[in-house]
Amino acid sequence: MHNPFTKHPRENGMESWWSHCKSACCIGLRLYVSSWFFIVHGIFPFIPIPKWVNLTDSANYLLKENEKRCL
């Protein structure tokens with residue numbers, strides 16, 4: 001039987017629904033927090049962006065998370 005909750009996770013690295021949900025939520029939360037730092041920095045340019053949410057570190061984080069899923 002076709003199950004839409006497990007089809008996509010299994011096609012993308014044979015993940016369970018729970019592991020896919022957890023990784024997607026972690027990535028989404030990190031991007032959400034990062035975006036708020038950039039918004040605050042845009043309004044108040046004297047407030048620096050922490051290194052762990054700058055563009056380079058965020059891109060490296062996303063690449064590393066994607067590589068873990070492709071193994």
Side-chain angles (χ1 to χ4, degrees):
M1 182 172 153
H2 173 71
N3 185 342
F5 287 98
T6 58
K7 182 177 187 275
H8 172 70
R10 294 196 191 221
E11 291 173 347
N12 294 297
M14 291 303 293
E15 293 180 301
S16 68
W17 177 87
W18 178 247
S19 66
H20 184 75
C21 179
K22 191 169 68 170
S23 65
C25 288
C26 287
I27 290 169
L29 184 60
R30 164 117 182 206
L31 292 175
Y32 178 77
V33 170
S34 177
S35 68
W36 276 105
F37 274 106
F38 277 91
I39 291 168
V40 169
H41 175 72
I43 297 168
F44 305 104
F46 51 87
I47 297 176
I49 296 174
K51 182 181 182 321
W52 69 274
V53 293
N54 70 18
L55 291 177
T56 302
D57 282 5
S58 293
N60 288 335
Y61 169 77
L62 291 172
L63 287 171
K64 190 171 25 170
E65 288 298 311
N66 194 48
E67 285 174 4
K68 283 195 295 190
R69 295 184 70 223
C70 293
L71 293 176

Q) Could you state the interatomic distance from CG (Asp57) to CG (Asn60), rounded to the nearest 0.5 Å? A)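 Separation between the atoms: 6.0 Å.
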**Q.** Lys64: side chain to side chain contact (heavy atoms under 4.5 Å, CB included) partners, not counting sequence neighbours
**A.**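 With sequence neighbours excluded, Lys64 shows a side chain to side chain contact (heavy atoms under 4.5 Å, CB included) to no residue whatsoever.
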For residues 21-30, please give each side-chain donor-acceptor pair under 3.5 Å, one per line with the distance, not counting sequence neighbours.
residue	atom	partner	partner atom	Å
Ser23	OG	Ser19	O	3.2
Ser23	OG	His20	O	3.2
Arg30	NH2	Trp52	O	2.5

All N/O donor-acceptor pairs, side-chain side in residues 36-47, below 3.5 Å, sequence neighbours left out:
residue	atom	partner	partner atom	Å
Trp36	NE1	Tyr32	OH	3.2
His41	ND1	Ile47	O	2.7

Q.
Please evaluate residues Ile49 and Leu55 with respect to the criterion side chain to side chain contact (heavy atoms under 4.5 Å, CB included), reporting the C-alpha separation (whole Å), side-chain torsions for both, the decisive distance (0.1 Å), and the verdict.
A. CA-CA 10 Å; Ile49 296 174; Leu55 291 177; over 6 Å; no
